[in-house]
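In each ligand, atom 1 is the first atom listed, and ligand 1 is the first ligand listed. Remember, it's a predicted structure, so these values are computed and weren't measured experimentally.
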Amino acid sequence: MSIGPKWPNSERKLRFSQSGTHLYIIHIAAEIAPIAKVGGLADVVAGLSKELTAQGHAVEIIIPKYDCLDYSAVTDLHVIYPNLYSYYKGIWIRNTVWRCSLNDLSVLMIEPHNDTHFFGRGCYYDCPDNMERFTYFSRAVLEFLLKSNRHPDVLHSHDWSTGLIPVLYHEIYKGLGLNIKKNIFTIHNLSHQGLSEGWIIDALGLSSSHLRHFDRLQDETFPHLLNILKGAIVYADNCTTVSPSYAEEIQTVEGGCGLNRLLNFYSYKLVGILNGIDYSYWNPEIDPLISHQYSPANKDLFFKNKALCKAHLKKRLNLMEGNKPLIGIVSRLVHQKGLDLIVQALHRTVDRGGQFILMGSSPDTPWTLERFKHLQESMLPTHQVHIELKHNESLAHQIFAGCDAFIIPSLFEPCGLTQQISLKYGTLPIARRTGGLADTVFDIDTAPDQKMSNGFTFDHPTIEGVNWGIDRALKTFINKNLLWRKLMLKAATLDLSWHIPASHYLQLYGDR
Ligand code: GLC
């Protein structure tokens with residue numbers, strides 16, 4: 001029996017493109033939307049890959065084959081490499097490599113057949129052996145590239161979970177003949193770094209004593225541990241993060257999560273590229289999940305249909321009728337997102353005569369869930385507030401379309417996608433001025449260039465900051481309706497697609 005890969009047509013095309021003018025790019029990540037999504041990382045991997053494909057490049061994405069993948073959007077799932085053996089703890093573990101099509105994307109999935117079923121746990125993260133699962137995956141990916149004779153121009157890995165890719169390439173696979181022109185690593189969130197004990201690194205056939213060195217992977221706070229994110233920064237040819245402001249912030253003591261010295265040292269290879277949003281999915285002109293589509297190209301219909309979306313949303317959620325300003329938020333309920341500030345925004349909005357919709361998912365502690373359940377119960381009788389504590393995709397789209405304003409009071413925010421989506425839907429953001437929020441939301445009173453103003457910002461993650469943002473938004477909505485409508489149209493006509501960010505990535509990819 002032949003165990004080598006059998007190339008279907010699409011694969012053959014990919015391999016030929018290696019010699020053409022277009023690039024062959026492989027993304028390696030723990031998530032991709034919509035089949036394996038926890039946060040914005042999944043949207044970025046899908047959105048960027050789609051745009052690169054549309055621009056004629058050959059793109060593959062490699063993820064773990066979790067047993068909880070949502071296969072509904074997947075077609076043509078088949079095995080391309082049944083017996084991939086990858087080294088782990090002194091033996092070679094068998095893996096099956098699968099391929100499927102996800103819309104126009106080619107997604108490969110690695111399924112390890114180890115005793116403890118690394119990706120057969122019914123979840124993506126949250127396992128005590130997370131470090132072993134994702135470092136194992138990283139080595140299996142490179143083993144697969146070598147064995148299947150894939151030599152992409154660019155290997156692009158994301159966040160700590162695939163941070164060992166550039167390390168493994170330089171320490172092992174380059175010497176074995178794998179030929180990658182560029183290793184790119186993207187930081188989506190510096191607060192997750194992957195601190196590892198030596199034996200986890202040794203289990204992969206790397207040498208922890210060689211790597212636990214100040215110039216390599218040694219953690220700068222806990223020197224007995226190895227820091228995978230640090231390794232990625234040191235070994236990658238270029239390191240990107242998801243907005244220019246976050247790229248600056250992570251080089252400071254306040255924002256550097258212990259890696260500011262390192263990031264300063266490597267600032268010559270660090271670039272901030274703002275994320276885009278996928279216009280084939282987040283677009284009120286074609287969105288099938290909203291009640292009435294609208295486009296800024298037809299102004300009358302824009303205002304009419306957006307108002308109908310608001311009415312539909314309020315009816316769906318049983319909110320009291322009338323033209324009160326409606327503020328929304330769609331967020332994971334985790335510390336980063338400013339939990340106290342979300343609650344403050346809700347109360348302030350209602351106190352000042354507005355209505356509020358919160359969709360909050362994945363609470364980071366049982367206590368957070370309890371807190372919001374309690375709030376939900378206490379606000380229900382008012383009919384001015386709706387709190388949804390599970391993600392619901394159609395409701396999320398309707399919140400973006402039906403609300404007047406959208407609040408994002410994050411403590412820190414590498415990029416943030418929801419403010420970009422709300423802008424596209426003509427729903428004005430009220431955002432804390434940090435990271436990617438500072439690069440996309442410009443205040444109507446304080447932005448240096450008023451031509452760019454498109455929302456409301458506040459500097460401090462405090463009750464006063466939130467109140468200031470909410471109060472000015474509500475006043476503007478109530479007293480300056482013409483200005484509000486002008487801002488809505490301006491927001492909805494911005495180019496927030498992947499077109500521009502993809503061209504920045506391509507510059508980096510092609511820059512030898
Ligand atoms: C992380 C960040 C978020 C960013 C997303 C995609 O989830 O917290 O700000 O938008 O990654 O890059």
- Query: Any idea which protein heavy atom is nearest atom 9 (O) of ligand 1, and the distance to it?
  - Reply: E413 OE2, 2.5 Å
- To the nearest 0.1 Å, how far is atom 1 (C) of ligand 1 from its closest protein heavy atom, and which atom is that? H188 O, 3.5 Å
- Identify, by atom number and element, the atoms of ligand 1 in contact range of V242, meaning under 4.0 Å from any of its heavy atoms. 12 (O)
- Message: What I'd like to find out is whether the side chain of L317 reaches to under 4.5 Å of the side chain of L395, using heavy atoms alone.
- Response: yes
- Query: Going by the angle between their ring planes, with limits at 30° and 60°, are H188 and H158 parallel, tilted or perpendicular?
  - Reply: tilted
- Query: Counting from 1, what ligand 1 atoms have a heavy atom of N275 closer than 4.0 Å?
  - Reply: 6 (C), 10 (O), 12 (O)
- Show which atoms of ligand 1 fall inside a sub-4.0 Å distance from at least one heavy-atom site of V44. 6 (C), 12 (O)
- Would you verify whether the NZ or CZ of K424 falls within 45 degrees of the ring axis of Y279 while also being under 6.0 Å from that six-membered ring's centre? yes
- Do F144 and F137 have ring centroids that are under 6.0 Å from one another? no
- Message: Is the ring pair F477/W484 parallel, tilted or perpendicular, if the boundaries are 30 and 60 degrees?
- Response: perpendicular
- Would you mind finding which of S191, G416, S243 brings a heavy atom closest to atom 10 (O) of ligand 1? G416
- May I ask you to identify, for L41, whether its side chain, its backbone, both or neither come under 4.0 Å of ligand 1 on a heavy-atom basis? backbone
- Message: Can you classify the ring geometry of F400 versus Y425 as parallel (below 30°), tilted (30 to 60°) or perpendicular (above 60°)?
- Response: tilted
- Query: At a 4.0 Å threshold, what atoms of ligand 1 neighbour a non-hydrogen atom of Q336?
  - Reply: 8 (O)
